[in-house]
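All figures in this text were calculated on a predicted structure; none of them were measured in a lab.
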Amino acid sequence: MSEHSLIIALKYGEKLKEFDDIAQAEKYFISYKDELLNRLEAISGQLDGFSPDYTIESLKNIEKLYFELYRNNAFGKSGLSQKQFERIMSVYWGEVVIKNNADAKWLIEEFAFSQGKYELLVNKGLCNISIFDMFQDLYKRQGNKRQNLLFREYNRYFARQL
């Protein structure tokens, strides 16, 4: 690993939540994930054109909704901030992976470069993807003209056998 990559990893680790042990981290992250998914279910009636059915196609719909809310400065319409909505999208993306891949699962692990810092991951085989702020500031992402990054990221990692 280059020195530059190590610096990036250490900065990333600083942002992660700290816990005394894995049991405490698991309790937190499972509750966090469930709370965000329940919140999405609760507000879905207020969100035009989106129903959380956990299909791969629904990733396009939640991203379309995100950009509509962003363009209209209307995140408050759902009772959420933009950052909260982005976190919900990240967890929803992970749950879509889990529900559409029999051997995929949620995983909580200590970050290798920061002792006591843990992250929530989606795991399938040898592939682990952290969902921590995965879609933060999605509106700024380069190469997302078609506004379907969630769908493409799913296909990039999980459409084929790894």
Side-chain angles (χ1 to χ4, degrees), residues 1 5-6 8-45 47 50-67 78 80-138 141 143-144 146-162:
M1 174 180 272
S5 296
L6 179 59
I8 291 171
L10 292 173
K11 283 184 180 183
Y12 171 77
E14 289 173 5
K15 295 178 183 179
L16 296 175
K17 201 147 179 61
E18 189 168 352
F19 299 96
D20 293 334
D21 56 37
I22 187 77
Q24 188 183 43
E26 286 175 346
K27 183 178 178 184
Y28 171 82
F29 281 119
I30 289 168
S31 175
Y32 170 82
K33 170 190 72 71
D34 291 344
E35 180 183 323
L36 291 180
L37 292 174
N38 289 336
R39 187 114 188 247
L40 180 60
E41 292 283 341
I43 65 168
S44 66
L47 304 173
F50 180 73
S51 175
D53 62 10
Y54 301 94
T55 61
I56 298 163
E57 277 297 309
S58 72
L59 296 172
K60 293 178 183 177
N61 297 332
I62 196 169
E63 188 167 349
K64 178 181 174 187
L65 174 62
Y66 168 83
F67 279 104
S78 64
L80 301 169
S81 68
Q82 179 178 332
K83 187 168 192 71
Q84 289 169 322
F85 194 88
E86 290 166 349
R87 286 184 173 155
I88 285 174
M89 281 194 317
S90 297
V91 170
Y92 183 77
W93 184 87
E95 192 69 10
V96 168
V97 170
I98 304 301
K99 290 189 182 286
N100 289 280
N101 291 272
D103 52 346
K105 63 185 176 201
W106 288 106
L107 188 64
I108 292 104
E109 284 189 348
E110 186 174 31
F111 186 59
F113 298 98
S114 299
Q115 189 175 6
K117 301 281 190 128
Y118 291 83
E119 58 185 338
L120 179 61
L121 307 159
V122 172
N123 165 268
K124 180 179 176 188
L126 298 175
C127 181
N128 287 336
I129 298 177
S130 173
I131 63 150
F132 174 72
D133 285 341
M134 186 174 187
F135 300 113
Q136 180 180 359
D137 296 332
L138 181 61
R141 292 278 178 94
N144 193 19
R146 291 179 286 170
Q147 300 177 347
N148 64 358
L149 181 69
L150 280 74
F151 180 77
R152 287 184 291 124
E153 288 293 283
Y154 176 90
N155 285 322
R156 177 180 175 194
Y157 294 107
F158 300 104
R160 64 192 189 320
Q161 291 295 339
L162 299 176

Inset, instruction - May I ask you to test the K124-V97 pair for a side-chain heavy-atom distance under 4.5 Å? - result: no
Closest non-hydrogen contact found for S58 with Y92 is OG-OH, 2.5 Å
Q) Between K33 and I131, is any pair of side-chain heavy atoms under 4.5 Å apart? A) no
Taken in chain and number order and not counting sequence neighbours, the residues that satisfy side chain to side chain contact (heavy atoms under 4.5 Å, CB included) with S130 are Y12, E119, L121, F132
Correct closest heavy-atom pair for G13 and S114 would be CA-OG, 3.4 Å
inquiry  = Could you check whether any side-chain heavy atom of F113 comes within less than 4.5 Å of a side-chain heavy atom of L16, counting everything from C-beta outward?
reply    = no
Sorted by chain and number, sequence neighbours left out, salt bridge (charged side-chain N to carboxylate O under 4.0 Å, His left out) with K60 holds for E57
request  = Assess the side chains of S51 and D53: does a donor N or O sit below 3.5 Å from an acceptor N or O?
outcome  = no
For D137, the side-chain hydrogen bond (donor to acceptor under 3.5 Å, both in side chains) test, sequence neighbours excluded, returns none
Checklist entry - Is any side-chain heavy atom of V96 less than 4.5 Å from a side-chain heavy atom of F158? => result no
- Message: Is the shortest side-chain heavy-atom distance between Y154 and L150 below 4.5 Å?
- Response: no
* Asked: Can you find a pair of side-chain heavy atoms, one from Y54 and one from E95, that are under 4.5 Å apart?
  -> yes
The side chain to side chain contact (heavy atoms under 4.5 Å, CB included) partners of A42 (sequence neighbours excluded) come to none
Residues passing the salt bridge (charged side-chain N to carboxylate O under 4.0 Å, His left out) test with D133, sequence neighbours excluded, are K83, R87
Interatomic distance, CZ@R146 vs NZ@K64, rounded to 0.5 Å, equals 15.5 Å
Name the atoms and distances for all side-chain donor-acceptor pairs under 3.5 Å in residues 22-31, with sequence neighbours left out.
unit_1	atom_1	unit_2	atom_2	d
Q24	OE1	D20	N	2.6

Flag side-chain contact, heavy atom, 4.5 Å: I62 against F135:
no
When rounded to the nearest 0.5 Å, the distance separating CZ of F67 from CG of N148 is 9.5 Å
Residue set satisfying side-chain hydrogen bond (donor to acceptor under 3.5 Å, both in side chains) with Q84, at least two apart, ordered chain then number -> S81
Residues pairing under salt bridge (charged side-chain N to carboxylate O under 4.0 Å, His left out) where one sits in residues 104-118, two or more places apart or in two chains, turn out to be none
With sequence neighbours left out, the residues meeting side-chain hydrogen bond (donor to acceptor under 3.5 Å, both in side chains) with Y118 are none
E153 meets the salt bridge (charged side-chain N to carboxylate O under 4.0 Å, His left out) criterion, sequence neighbours left out, with R156
Hey, are the side chains of W93 and I129 touching, using non-hydrogen atoms and a 4.5 Å cut-off? yes
Sorted by chain and number, sequence neighbours left out, ring pair (Phe, Tyr, Trp, His ring centres under 6.0 Å) with F85 holds for F75
Applying side chain to side chain contact (heavy atoms under 4.5 Å, CB included) to E14 and not counting sequence neighbours gives none
